[in-house]
Amino acid sequence: MVETTTLIVLMAVALVVMAVVVAALVVRLIHKNEELKEKNDVIVREVRRNQTLIDRAVQQGVSRAAMLSVSLLLLGSVSVLTSCTKDDDTIYVPDPTDAPSTSPLVTVVYSPDALGDRSYNDQIYTSVEDAASQHELRTLHLSPATKAEGLAYLEDIFRQLETPGDTIRRLLIVASSDYDAWLRQNNKRLEGNPRADLLYFETTTPLDGKGSTFYMPYYGAMYEAGAIAPFFQPKAMLVGANPEDEYVSEAMQGFQDGFATEWVATSKEKHLTTMYIGQHAGEGYSIADTLALKMMREYGKLSDDELGNSSAIIPVCGGASAVFMRLSAVLNLFIVMGIDVKNTAANCQYSAVKRIDLVVGESIRKWFTGEGMDKHLTLGLAAGYTYVDINAHPYWIVPSETIGEPDEELLKQIHEEAIKKEEEYGK
């Protein structure tokens, strides 16, 4: 009887222990499931955000394979061991046997929502990828949605570069003045890493301490563009991102000064309207279609019938430029006189070009070969890195208001005057 009672007690204790163990396992599984869901949400957000970037780049003719490699690199920055969807479909499982690459890495941080502008930022992307193919480099392109996100990217990168024992040779390219104050406060953090280099543009002021800079003045090319504008359209709408960013205000002023000259006799009265999308530094580089269309319709208070091909739009607003160009082509409201849009806008009569791709490619070459990047460079109209490309598109539309094509000798005189004006403006 005693033995039976003892056996029952032992079995009861065993059941209690088993119940406790099972309960602990259940609690642990619940916590693990929540943990995996959190990690999955991070991955899914990154996948969706970078898929948007891929699709936008592909629409502009960028290689999907190239953008996919960028997306995978971005995913690699998320700290996850394994990630599954809520339906238990595995979307990313790193191979633990993969050894990290030791190839040099070029990382680019762009202005908010910059890639896909069919202009300046897309040229940077292409030049970096071309250099990477030539020199067998790895690349990472970061196009943040906001300035705060861009600053968070920079902080993460700087922390990596400060890590003791980091042996990867790295070049950080900061392609936006949005981060100017932060860079000038933090660039000395890189001085302890001999394998880390920094390239920042565009700024007229060199960095104290580590980092190379260059500036491409746009005043001269835009002065020249404004001076010849009446050859094509005597009425124009000049749209800037904001009045506080130096390279925007410089370009806007150049066009205004050139437009005000009397190089070209017009058959109609000249009229230039100037507008800004934003009012403060860093604003105005993206715009909703509805707001862009409203600005275009309100320009000059003209009716749809009066708009026709009677006006030109000159966008100096980064990624927002693509919106104005697309709307003008679809609605046939304006002849676009483009900024860096050679062979991309069918209704573009001429383009004020800035060859940022040449400068970026040469800078990467100097960095990679050990020649060393220049501490600071200024490359504008006189150096041939900015210029006006007339009849830039093969399907150039000649408006009825044109008064004849520009004379080559007159164009030469305007060009020489623009170089002088740019030099004077920069003093």
Side-chain angles (χ1 to χ4, degrees), residues 110-114 117 119-121 146-148 150-151 174-184 200-205 213 215-227 229 235-261 270-288 290-301 311-325 334 336-341 352 354 356 378 380-381 386 418 421-422 424-427:
Y110 295 87
S111 298
D113 199 28
D117 64 354
S119 180
Y120 185 85
N121 291 286
T146 63
K147 179 179 177 179
L151 292 173
V174 180
S176 171
S177 62
D178 288 340
Y179 317 116
D180 183 90
W182 191 94
L183 271 183
R184 295 185 186 280
Y200 167 44
F201 52 88
E202 292 185 23
T203 176
T204 57
T205 308
T213 56
Y215 186 68
M216 301 181 72
Y218 216 12
Y219 179 93
M222 289 297 286
Y223 177 95
E224 189 171 338
K235 200 173 187 66
M237 171 185 173
L238 184 63
V239 183
N242 68 78
E244 294 186 357
D245 284 343
E246 183 176 12
Y247 52 87
V248 174
S249 60
E250 174 189 82
M252 300 281 282
Q253 190 62 56
F255 192 91
Q256 290 173 2
D257 291 348
F259 195 85
T261 63
K270 294 193 300 184
H271 181 75
L272 179 64
T273 299
T274 301
M275 298 181 179
Y276 288 99
I277 301 171
Q279 294 301 317
H280 304 292
E283 296 179 351
Y285 294 101
S286 61
I287 189 172
T290 51
L291 178 56
L293 185 58
K294 181 181 178 181
M295 293 176 70
M296 294 168 73
R297 290 187 185 280
E298 288 186 349
Y299 158 56
K301 304 298 182 183
S311 306
I313 181 169
I314 300 92
V316 191
C317 43
S321 299
V323 177
F324 286 103
M325 286 185 278
F334 293 90
V336 174
M337 296 182 183
I339 308 300
D340 278 13
V341 291
K354 179 180 284 193
I356 185 69
T378 299
L381 192 63
T386 64
K421 292 293 185 181
E422 182 168 89
E424 293 173 0
Y425 185 84
K427 292 180 179 179

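Computed from a predicted structure; not experimentally measured.
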Heavy atoms of S286 and I277 approach each other most closely as O-CG2, 4.3 Å
Between M337 and P315 the two heavy atoms that sit nearest each other are O-CD, 3.9 Å
So OH of Y247 and OG1 of T203: to nearest 0.5 Å the spacing works out to 11.0 Å
Output for pair (Y110 OH, D178 CG), nearest 0.5 Å, gives 14.5 Å
query: Looking at side-chain heavy atoms only, is the closest gap between R184 and D180 below 4.5 Å?
result: yes
Open item on the list: If we ignore hydrogens and angles and just use 3.5 Å, is the side chain of T386 paired with the main-chain N or O of L381 as donor and acceptor?
Closed with: yes
Applying salt bridge (charged side-chain N to carboxylate O under 4.0 Å, His left out) to D257 and not counting sequence neighbours gives none
* Using distance alone, with no hydrogens and no angle criterion, decide if S177 and E202 have a side-chain donor and acceptor under 3.5 Å apart. => no
Verdict with reasoning, F324 to V239, per side-chain contact (heavy atoms from CB on, under 4.5 Å): CA-CA 9 Å; F324 286 103; V239 183; 3.9 Å; yes
Worksheet entry | Test item: Y285 and N242 side chains (from C-beta on) under 4.5 Å apart, heavy atoms | yes
Between the CG atom in L291 and the CE atom in M296, the distance rounded to the nearest 0.5 Å is 11.5 Å
For this session: With the side chain counted from C-beta on, respond yes when P243 and Q279 share a heavy-atom pair under 4.5 Å apart, and no when they do not.
Result: yes
Could you check whether E283 pairs with K147 (Lys NZ or Arg NE/NH1/NH2 to Asp/Glu carboxylate O, under 4.0 Å)?
no
Distance col, row M252:CE vs C317:SG, nearest 0.5 angstrom, shows 8.5 Å
Open item on the list: Do Y120 and S321 make a side-chain contact, defined as non-hydrogen atoms from C-beta onward lying under 4.5 Å apart?
Closed with: no
ask   = Just by modelled atom types, is the L272 backbone N or O under 3.5 Å from a matching donor or acceptor in the K235 side chain?
value = no
_Note, F255 side chain near V316 side chain (heavy atom, < 4.5 Å)_ = no
Worksheet item: So, Y276 side chain and G284 main chain: donor-acceptor pair closer than 3.5 Å or not?
Response: no
CD of E224 to OH of Y219, rounded to nearest 0.5 Å, is 12.5 Å
task: Find out whether the Lys NZ or Arg CZ of K354 is both under 6.0 angstrom from the six-membered ring centre of Y218 and within 45° of the ring's axis.
output: yes
Any side-chain heavy-atom pair from T273 and L238 closer than 4.5 angstrom? no
On a heavy-atom basis, the closest approach of G240 and V248 is CA-CG1, 4.2 Å
Close side-chain approach of T213 and F201, heavy atoms under 4.5 Å: no
- prompt: Is there a side-chain contact between Q253 and Y425, using heavy atoms and a 4.5 Å cut-off?
  reply: yes
Sorted by chain and number, sequence neighbours left out, side-chain hydrogen bond (donor to acceptor under 3.5 Å, both in side chains) with Y215 holds for E250
Closest non-hydrogen contact found for S111 with A175 is OG-O, 3.9 Å
In this structure, CD of E422 is separated from OG1 of T378 (nearest 0.5 Å) by 9.5 Å
**OP:** With side-chain contact (heavy atoms from CB on, under 4.5 Å) as the test, would you mind laying out the steps for M295 and M237 before giving the verdict?
**Re:** CA-CA 10 Å; M295 293 176 70; M237 171 185 173; 4.0 Å; yes
